[in-house]
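Remarks on the structure that follows.
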Amino acid sequence: MQDPRVPSGARDRFEALYLAHYLAIHRYVLRRTESPDDIADVIAETFLVAWRRLDSVPAGEATVLWLYGTARRVLANHRRGESRRTALASRLRDELAAGRGTVPAYSQADAVHAAFATLTSAEREVLALAYWEQLAGPQIAKVLGCSSTAARLRLHRARKRLARLLETTDELHVTSVLRGETR
């Protein structure tokens, strides 16, 4: 029996949207969430927004970009809440690390991870969209809500900054991976 509060065809459209894009949104959130326990919450909230705003969800290729943008905002809200709850734990970790007096040996992956972590959230996001989600400049622009030119410029600057950070380490020459790649 059809719920009178649900417009005709809305349930089918949402189910099709969910089935078509769940995996992409799951990967997007998985790569950006520090705690696996939070993945389900962020995905659920993303699709809840899609359900509530189903008439605003664009069709075609733009659907996944709209969902990426929604997931990005849900993650930002989630992170703001988490930051208040984890401030004490972070401070304690820093105090413990400072008290050890030894510097651990870093692998190449550790160097990249550490350099990536020092980037601004905007730089991390544009790089993640390009490499993890394999989006091109115009697609990144739609997710970020900016022009294609601005997206390409942000990506270029983020790549350059990450390369400079990696050059300052004594690790293997991982910057060659980042140089010269264009989308």
Side-chain angles (χ1 to χ4, degrees), residues 1-86 109 112-113 115-117 119-159 161-162 177-178 181-183:
M1 181 170 178
Q2 176 77 21
D3 186 337
R5 296 171 294 175
V6 178
S8 178
R11 183 180 312 259
D12 291 337
R13 180 170 182 233
F14 177 78
E15 286 177 5
L17 175 145
Y18 181 85
L19 291 173
H21 301 293
Y22 173 83
L23 187 58
I25 299 305
H26 181 269
R27 285 191 308 255
Y28 179 92
V29 174
L30 178 67
R31 292 175 180 143
R32 288 162 176 81
T33 306
E34 302 217 0
S35 169
D37 298 332
D38 298 332
I39 293 170
D41 290 340
V42 173
I43 292 171
E45 182 67 25
T46 299
F47 282 104
L48 178 62
V49 171
W51 171 252
R52 288 180 178 161
R53 300 189 58 213
L54 194 57
D55 291 338
S56 300
V57 178
E61 182 184 309
T63 303
V64 73
L65 302 178
W66 187 91
L67 288 167
Y68 282 155
T70 301
R72 181 174 176 255
R73 288 183 289 282
V74 168
L75 278 166
N77 289 337
H78 181 75
R79 285 184 184 123
R80 281 191 290 274
E82 277 296 310
S83 68
R84 290 187 299 270
R85 292 185 291 274
T86 61
V112 172
H113 180 64
F116 189 77
L119 297 173
T120 67
S121 62
E123 291 168 330
R124 287 191 309 267
E125 183 63 14
V126 73
L127 287 170
L129 288 169
Y131 293 101
W132 291 343
E133 310 314 326
Q134 299 180 354
L135 298 181
Q139 295 169 316
I140 292 170
K142 286 184 182 179
V143 173
L144 298 179
C146 64
S147 70
S148 292
T149 303
R152 284 192 307 272
L153 183 61
R154 290 177 191 180
L155 180 58
H156 173 75
R157 287 179 179 166
R159 284 177 176 153
R161 181 143 185 265
L162 182 59
V177 174
L178 299 171
E181 292 186 8
T182 58
R183 288 204 161 256

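Computed from a prediction, not measured in an experiment: that's the story for all the values here. Residue numbers run from 1 in the order of the sequence given.
Checked for salt-bridge contact, E133 and R27 miss the test: no charged N lies under 4.0 Å from a carboxylate O.
Nearest heavy-atom pair, L54 versus A10, reported as atom, atom and distance to 0.1 Å: CD2-O, 3.3 Å. Shown here for T46 and A71, the closest heavy-atom pair between the two residues is OG1-CA, 3.5 Å. Across every non-hydrogen atom of F47 and Y22, the tightest pair is CZ-CA, 3.9 Å. The shortest non-hydrogen separation linking H21 to L67 is CB-CD1, 3.5 Å. Across S56 and W66, no two heavy atoms sit closer than the pair O-NE1, 3.9 Å. Contact between A151 and G137 at its shortest, heavy atoms only, is CB-O, 3.7 Å.
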| said: Would L75 and Y28 count as a side-chain contact (heavy atoms from CB on, under 4.5 Å) here? Give the steps. | reply: CA-CA 10 Å; L75 278 166; Y28 179 92; 3.8 Å; yes

| task | Could you check S121 against R79 for side-chain contact (heavy atoms from CB on, under 4.5 Å), going step by step and ending with a plain yes or no? | result | CA-CA 11 Å; S121 62; R79 285 184 184 123; over 6 Å; no

| task | Output, in order, the C-alpha distance, side-chain angles, deciding distance and verdict of side-chain contact (heavy atoms from CB on, under 4.5 Å) for I25 and T70. | result | CA-CA 10 Å; I25 299 305; T70 301; over 6 Å; no

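For the pair V57 and R13, the minimum side-chain heavy-atom distance is below 4.5 Å. At a threshold of 4.5 Å between non-hydrogen side-chain atoms, the residues L129 and L155 do not count as touching.
Side-chain atoms of T63 come within 3.5 Å of backbone atoms of G60 as a donor-acceptor pair (strictly under, hydrogens ignored). With hydrogens and angles disregarded, a donor-acceptor distance shorter than 3.5 Å links the side chain of Q139 to the backbone of A136. Looking at R31, its side chain never comes within 3.5 Å of a backbone N or O of A128 through a donor-acceptor pair.
The one candidate from R161, R159, R157 that meets the salt bridge (charged side-chain N to carboxylate O under 4.0 Å, His left out) condition with E123 is R161.
Here the straight-line distance linking atom OH of Y18 with atom CD1 of I43 works out to 7.5 Å at 0.5 Å rounding. Atom CG in L48 sits 10.5 Å away from atom CH2 in W51 (nearest 0.5 Å). To the nearest 0.5 Å, the span separating OG1 on T149 from CZ on R152 amounts to 4.5 Å.
Donor-acceptor pairing under 3.5 Å is lacking for the side chains of D41 and H78.
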